[in-house]
2 protein chains.
Amino acid sequence: MLNRTPSPALCRPDGGPVRVLVVDDEHDLTDVLCQALRYEGWEVRSAADGASAVAAARSFRPDAVVLDWMLPDTDGLAVLRELRAEAKGICVLFLTARDAVEDRIAGITAGGDDYVTKPFSLEEVLARLRGLLRRAGMAREPSGSLLVVGDLVMDEEAREVSRAGTAVELSRTEFELLRFLMRNPRRVLSKAVILDRVWAYDFGGRAHVVELYISYLRKKIDAGRTPLIHTVRGVGYVLKPEAA
Amino acid sequence: MLNRTPSPALCRPDGGPVRVLVVDDEHDLTDVLCQALRYEGWEVRSAADGASAVAAARSFRPDAVVLDWMLPDTDGLAVLRELRAEAKGICVLFLTARDAVEDRIAGITAGGDDYVTKPFSLEEVLARLRGLLRRAGMAREPSGSLLVVGDLVMDEEAREVSRAGTAVELSRTEFELLRFLMRNPRRVLSKAVILDRVWAYDFGGRAHVVELYISYLRKKIDAGRTPLIHTVRGVGYVLKPEAA
DNA sequence: CCCCGTCTTCAGAGGGTTCTCAGAAGATGC
DNA sequence: GCATCTTCTGAGAACCCTCTGAAGACGGGG
């Protein structure tokens with residue numbers, strides 16, 4: 001899987017690791033999420049229903065909560081209220097079905113929280129969570145949303161990418177893929193891992209899409225210049241400066 | 001979800017953050033308001049009735065109070081009197097039902113206070129509050145109500161907008177939407193966020209209105225010229241100079 | 001040097017998102 | 001009370017993105 005040095009950009013004011021509570025009744029989902037968050041260098045706990053979520057929040061005191069909107073015992077709004085009553089500044093990222101968004105979720109983003117619709121990709125959840133935490137003042141440096149690899153620069157918030165100063169237009173999926181590559185520079189990423197992280201968890205397609213999107217990215221980023229994206233035959237892809 | 005660096009323009013004379021007290025008995029409303037104000041970089045407390053509002057004001061010493069006109073124990077006027085008795089210079093923003101007591105409120109606002117009718121949008125509350133604080137001398141720079149993005153200029157207080165020197169007429173909603181965009185330049189804003197911030201909290205409509213109003217704005221602002229409003233497919237909209 | 005599996009790229013179908021128009025309902029002002 | 005402006009809904013068209021399939025290029029092992 002993916003090993004990463006503990007997240008350098010985000011931490012609590014006391015210097016300790018960010019604490020995240022994951023609340024969902026689908027265990028497969030919480031397992032995957034928790035693992036990904038742990039690799040991000042954060043401290044993670046999980047709960048399967050509203051009651052234990054509130055209890056866990058009380059003892060664990062998380063900085064952020066990833067909260068399924070539909071829980072076996074209550075709905076997300078009730079849990080949100082309870083959480084807010086205890087810890088005013090807590091960040092909440094909702095997980096919700098696509099069609100539930102329009103009616104009931106409306107309003108929650110107004111408070112500073114955010115949501116992701118199922119089925120989501122892991123990178124999307126991580127990105128939103130990082131955004132929430134940064135805005136809540138957990139960023140070590142305020143401009144932490146700038147990713148740089150060689151002369152390739154990505155501004156995550158503005159969704160702008162430029163190579164050697166010239167802007168590059170990317171589609172949504174191209175952007176997500178490049179973001180994942182740029183967050184793991186000099187590391188060989190297998191197509192399976194890329195698929196797991198960048199594409200939604202219910203995506204049935206095969207690794208061929210990854211090859212396709214790599215080729216799109218090369219056309220837009222490496223065209224003519226010295227390549228940053230390298231193929232490691234039989235293994236995967238790496239993003240790094242220098243051909244070596 | 002609100003993205004903003006802690007408010008740079010407004011602060012107390014001592015340099016500390018502005019302090020705001022929110023008084024309303026609807027917890028959902030105070031939660032959202034408090035969170036939004038906190039992201040604005042201000043320090044926030046809340047109270048649910050008149051008595052605790054006065055008590056909170058005594059210990060918290062806020063610069064401004066957001067005050068519901070209808071409270072379970074008393075009405076806003078009584079609270080206002082008590083607040084004024086303690087702190088002469090305090091700013092008060094009233095929240096009131098549309099049909100209720102417009103005339104009586106009008107008399108009160110003569111004293112320098114202001115009011116917003118329910119249901120309001122978050123941006124409206126924030127704008128009024130900023131206006132009050134600026135007039136009370138909390139602005140770091142006096143001309144803090146001028147927003148500029150490229151050759152697009154908005155005078156918030158005069159409600160005037162001009163592109164490249166020529167004035168542009170905007171309806172109320174168009175103005176609110178543009179103000180929100182101009183307060184978050186170079187940042188991609190999702191339709192959900194825009195809906196939550198610019199439209200009233202009880203608005204049941206869907207994101208389609210946002211697309212519609214963006215198209216109105218484009219017709220009035222971008223027509224013919226190099227566009228400032230950009231679509232980020234599958235994500236949202238950005239306001240920024242340059243096509244990049 | 002050839003073969004075979006892997007990778008790259010092209011072309012196109014299909015689906016989803018966004019834009020715009022036209023009109024109804026509501027608010028506002030005279 | 002009427003005219004006008006504003007706001008919102010619905011529908012269609014246009015557009016872009018994503019993914020599939022197929023064919024060719026490449027590279028490494030024998």
Side-chain angles (χ1 to χ4, degrees), chain A residues 98-99 101-103 106 117 119-121 123-124 159 161 168-178 188-192 194-195 198-200 202-224 227-238 243, chain B residues 97-99 102 117-121 123-124 159 161 168-178 188-192 194-195 198-224 227 229-238:
Chain A
R98 172 160 283 267
D99 46 345
V101 175
E102 301 287 2
D103 30 294
T117 58
F120 47 78
S121 73
E123 282 306 298
E124 200 175 343
R159 285 190 99 87
V161 175
V168 177
E169 294 290 326
L170 297 180
S171 78
R172 185 188 158 85
T173 308
E174 289 163 359
F175 182 87
E176 300 280 341
L177 171 57
L178 183 60
V188 181
L189 301 165
S190 74
K191 287 172 215 166
I194 294 174
L195 217 48
V198 176
W199 269 261
D202 70 340
F203 179 64
R206 278 159 309 102
H208 178 56
V209 257
V210 179
E211 298 167 4
L212 185 61
Y213 270 87
I214 288 284
S215 102
Y216 291 158
L217 277 186
R218 284 211 246 242
K219 224 181 292 182
K220 293 188 176 182
I221 285 167
D222 281 349
L228 289 173
I229 302 172
H230 308 274
T231 303
V232 182
R233 204 155 223 273
V235 185
Y237 299 95
V238 211
Chain B
R98 175 161 292 265
D99 45 352
E102 293 245 3
T117 58
K118 291 184 180 183
F120 47 77
S121 74
E123 282 305 298
E124 202 175 342
R159 292 206 144 237
V161 176
V168 177
E169 293 292 321
L170 297 180
S171 78
R172 181 194 160 84
T173 307
E174 288 163 358
F175 181 87
E176 299 280 342
L177 172 56
L178 183 60
V188 180
L189 301 166
S190 75
K191 286 173 215 166
I194 295 174
L195 214 50
V198 176
W199 269 261
Y201 54 78
D202 69 340
F203 178 66
R206 273 162 311 102
H208 180 57
V209 257
V210 178
E211 297 168 13
L212 187 63
Y213 270 86
I214 287 284
S215 103
Y216 290 159
L217 276 186
R218 283 210 245 241
K219 229 180 288 183
K220 294 188 176 181
I221 285 167
D222 280 350
I229 302 173
H230 307 272
T231 303
V232 183
R233 205 157 228 270
V235 185
Y237 298 96
V238 212

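Per chain, numbering begins at 1; letters A, B, ... match sequence-line order.
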When every non-hydrogen atom of B:V198 is compared with those of B:S121, the smallest separation belongs to O-CB, 3.1 Å

Picking from D:dT6, C:dT8, D:dA11, the nucleotide nearest the side-chain atoms of B:S171 would be D:dT6

Atom NZ of B:K220 and atom C1' of D:dT7 are separated, to the nearest Å, by 12 Å

Reckon A:Y237 has a side-chain N or O less than 4.0 Å from the OP1 or OP2 of C:dT8?
yes

The nucleotide from D:dG10, D:dT18, C:dT18 with an atom nearest the side chain of A:R172 is D:dT18

| said: Please tell me if A:K219 has a side-chain N or O lying less than 4.0 Å from either OP1 or OP2 of C:dC10. | reply: yes

Atom CG of A:L217 and atom P of C:dT8 are separated, to the nearest Å, by 12 Å

Rounded to whole Å, CZ of A:R159 lies from P of D:dC17 at a distance of 12 Å

key: OP1 or OP2 of D:dC8 under 4.0 Å from side-chain N/O of B:W199   = yes

For B:E176 and B:E124, the nearest pair of non-hydrogen atoms, with its separation, is OE1-N, 4.3 Å

Ignoring hydrogens and angles, does a donor from either the side chain of A:Y216 or the base of D:dC19 sit under 3.5 Å from an acceptor on the other? yes

Assign each of B:L170 and A:R206 the nucleotide of DNA chain D bearing its closest heavy atom; nearer the 5' end lies the nucleotide of B:L170

For the base of C:dT18, is there a side-chain donor-acceptor partner from B:R233 under 3.5 Å away?
-> no

Separation of D:dT7 atom P from B:F175 atom CZ, nearest Å, is 13 Å

Looking only at D:dT7, C:dC7, C:dT9, the nucleotide nearest the A:T231 side chain is C:dC7

Short N-O contact, A:R159 and A:E169, less than 4.0 angstrom = no

Looking only at D:dC8, D:dT20, C:dC19, the nucleotide nearest the B:E211 side chain is C:dC19

To the nearest angstrom, the CD1-P distance between B:I214 and D:dT7 comes to 14 Å

| said: Need one value for A:L212: base, sugar-phosphate or nothing, where a base atom within 4.0 Å counts as base even if backbone is also close, heavy atoms only. | reply: base

note: B:F203, atom CZ; C:dA27, atom P; distance rounded to Å ~ 14 Å

Query raised in the report: Backbone N or O of B:V235 within a donor-acceptor pair of the A:R172 side chain at under 3.5 Å?
Result: no

Among the nucleotides D:dC19, D:dC8, C:dT8, whichever has the atom closest to the side chain of A:S215 is C:dT8

Whole-Å distance, B:E176 CD to D:dC8 P, equals 12 Å

From OH of B:Y213 across to C1' of C:dT18 the rounded distance in Å is 18 Å

Of the candidates D:dG21, D:dT9, D:dC19, the side chain of B:H208 sits closest to D:dT9

Between B:L177 and B:I214 the two heavy atoms that sit nearest each other are CD2-N, 4.0 Å

All heavy atoms of B:S171 vs all of B:K220, minimum pair found to be N-NZ, 4.3 Å

